[in-house]
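Within every chain, numbering begins at 1; the chains are lettered A, B, ... in the order of the sequence lines, protein sequences first and strands thereafter.
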2 protein chains.
Amino acid sequence: MILVRTAARPAPRPRAVVVEPGRAVEQCLHCDARKHSVCNAIPALDLDRLATTAVSMNVESGRAFIREGDPAEHFFNVTAGCAKLFKLLPDGRRQITGFAGVGTFLGLAVSATYAFSAEALEPMKVCRFSRAKLRALLDDFPAMEQRLLEVASNELVAAQEQMLLLGRKTARERIASFLIARAALPSNCLASEPELAQVITLPMTRADIADYLGLTIETVSRSLTRFKAEGLIEIPAAGEIAIRDSAALTRMAAGAGP
Amino acid sequence: MILVRTAARPAPRPRAVVVEPGRAVEQCLHCDARKHSVCNAIPALDLDRLATTAVSMNVESGRAFIREGDPAEHFFNVTAGCAKLFKLLPDGRRQITGFAGVGTFLGLAVSATYAFSAEALEPMKVCRFSRAKLRALLDDFPAMEQRLLEVASNELVAAQEQMLLLGRKTARERIASFLIARAALPSNCLASEPELAQVITLPMTRADIADYLGLTIETVSRSLTRFKAEGLIEIPAAGEIAIRDSAALTRMAAGAGP
DNA sequence: CGTTGTGTTGATATTAATCAACAAGTGTGG
DNA sequence: CCACACTTGTTGATTAATATCAACACAACG
């Protein structure tokens with residue numbers, strides 16, 4: 001969970017590592033993640049302290065590593081791969097509330113139980129924190145709490161945007177919004193440029209997209225087919241979509257276009 | 001923005017007031033709010049410091065005091081009344097993302113502009129903080145940051161629940177969920193008992209309910225009429241609903257019942 | 001006493017869901 | 001290597017839930 005600039009990990013782990021304030025941190029000393037948004041906020045860390053708090057874990061594809069209603073014992077930071085987060089109704093209806101890519105925090109909630117389930121879409125790596133110990137850690141590192149507040153605020157804004165989509169947008173507008181949002185994802189476009197990606201990778205199935213957008217798989221499929229016919233997108237391969245007319249899609253996503 | 005147990009405000013305001021840690025705080029020294037969730041988290045406060053940071057404001061009914069897209073200069077805490085929070089599409093479609101009652105924080109976002117608009121449903125009182133000064137205040141009082149993180153986490157859970165509602169619940173289930181959620185509100189049921197209120201007060205119109213639940217006013221009206229015919233509720237007066245069969249409504253809200 | 005905003009109810013339209021069939025890809029085991 | 005099951009995705013026909021359009025009742029208000 002600690003990031004320092006050193007490329008190689010020190011063989012016998014030092015008992016305490018202090019990263020100088022202001023110095024950029026890139027390589028997690030705890031797990032092998034390259035970039036670790038928790039730690040970027042923490043100028044000085046006690047390695048042993050963190051080592052007892054976090055463990056790096058591999059999660060196999062399809063594995064549900066958080067279950068709604070279970071006691072919320074852990075707190076996760078995604079370091080590789082992507083998960084879907086969802087809530088279920090008793091009869092099986094499902095709402096995917098988001099996809100958790102690299103850097104995402106999971107399980108922030110104050111509640112004693114998880115409010116949603118999380119299932120790996122592909123092989124993942126996560127850093128798992130004990131929530132009990134996390135509280136003590138946050139008390140020592142207010143900067144980390146500040147970072148978490150930022151993250152939570154941003155997620156809240158995204159959640160409100162999704163409510164607008166689910167409550168008021170048409171099927172076509174929802175798909176367009178989804179495509180544009182994916183294209184704007186830092187993992188899909190080059191990190192340096194703020195532009196949209198030309199080709200986006202979708203690690204989720206049509207069923208996942210449908211459950212994320214409050215539609216059925218048939219409606220998702222038909223909308224994509226129609227976008228293709230209209231020259232807005234191309235589908236070069238399964239799990240890939242090429243954006244051909246991002247302006248039109250952006251307009252549609254905003255609730256204006258055709 | 002400071003709460004101490006003293007009933008009367010000290011006439012010449014002391015230059016610095018320190019509230020002992022662990023001591024309950026009830027009366028805001030800054031504005032005249034009775035309970036102030038910001039301050040409950042802060043064991044020791046500098047009154048002058050806060051006084052330059054927050055001002056108490058009255059907001060008349062119908063006034064939009066936050067506008068989506070405007071520079072986010074302030075941060076609010078509702079101390080009386082209720083507001084609707086919403087986002088608009090260019091053609092006027094509206095999604096109400098929540099209702100902000102007493103104690104609610106508004107404008108937490110990291111972004112430079114507001115992500116939603118807020119309009120008073122009734123005469124309100126809010127405490128307005130300068131966001132620029134808030135940052136410095138939070139740095140001095142990590143406990144306040146912690147409190148905000150809790151609040152944001154809870155709101156995130158509520159937002160996910162609302163996504164489930166908007167994406168996957170039927171019109172009847174949405175209305176049932178709304179009624180049960182309002183009945184569970186501390187302001188509607190007695191604070192001491194965790195039970196549901198028998199009669200709930202709705203400060204919002206049918207149009208607001210519709211825009212909150214992703215429905216039309218007609219569907220809201222028809223659903224309520226049918227609930228009444230089925231003996232689940234009664235409508236003693238405009239803006240009031242009496243819950244007659246909370247068990248059935250709760251089941252329906254969960255996506256199980258009839 | 002008209003005007004306006006709000007809420008209800010009815011008739012009809014439309015979007016997206018449901019039901020159904022099938023194609024393509026993947027993995028399994030004989 | 002090839003049937004076989006199984007998953008995923010596409011497309012068509014039909015249905016159903018909810019939106020839309022329309023009329024009207026009622027209360028608040030100037």
Rounded to the Å, how far apart are B:E218 CD and C:dT9 P? 12 Å
Roughly how many Å is it from CD1 in A:I233 to P in D:dG9, rounded to a whole number? 14 Å
Picking from C:dA16, D:dT18, C:dT18, the nucleotide nearest the side-chain atoms of A:T216 would be C:dT18
From CZ of B:R168 across to P of C:dA16 the rounded distance in Å is 13 Å
Atom CZ of A:R93 and atom P of C:dA17: how far apart are they, to the nearest Å? 13 Å
Tell me: NZ of B:K228 to P of C:dT9, nearest whole Å? 6 Å
Length of the line joining A:D211:CG and C:dA16:P, which is rounded to integer Å: 17 Å
Could you label the plane-to-plane angle of the B:F75 and B:F105 rings as parallel, tilted or perpendicular, counting under 30° as parallel and over 60° as perpendicular? parallel
A:R174 side chain to A:L166 main-chain N or O, any donor-acceptor pair under 3.5 Å? yes
Proximal nucleotide (of C:dT8, C:dT9, D:dT18) relative to the B:T219 side chain: D:dT18
Let me know the distance between CD1 of A:I217 and P of C:dC19, rounded to the nearest Å. 13 Å
With no hydrogens and no angle check, do the side chains of A:S56 and A:K125 hold a donor and an acceptor under 3.5 Å apart? no
Output the single nucleotide from C:dA16, C:dT9, D:dT11 whose closest atom is nearest the side chain of A:R222. D:dT11
Suppose we call two aromatic rings close when their centres sit under 6.0 Å apart. Are A:F65 and A:F76 close by that rule? yes
Nearest listed nucleotide, side chain of A:S221, among D:dA19, D:dT10, C:dG7: D:dT10
Side-chain atoms of B:L215 come closest, of C:dT8, C:dA16, D:dA19, to D:dA19
NA contact type, A:G239, heavy-atom cut-off 4.0 Å: base, sugar-phosphate, or nothing? nothing
Nearest-neighbour nucleotide for the B:T205 side chain, C:dG7, D:dA22, C:dT18 considered: C:dG7
Ignoring hydrogens and angles, tell me if any N or O in the side chain of B:E240 forms a donor-acceptor pair with the backbone of B:L202 under 3.5 Å. no
Calculate the interatomic distance between A:L213 atom CG and C:dA16 atom P; express it in whole Å. 12 Å
Of the nucleotides D:dT18, C:dA17, D:dT10, which one has an atom closest to the side chain of B:A171? D:dT18
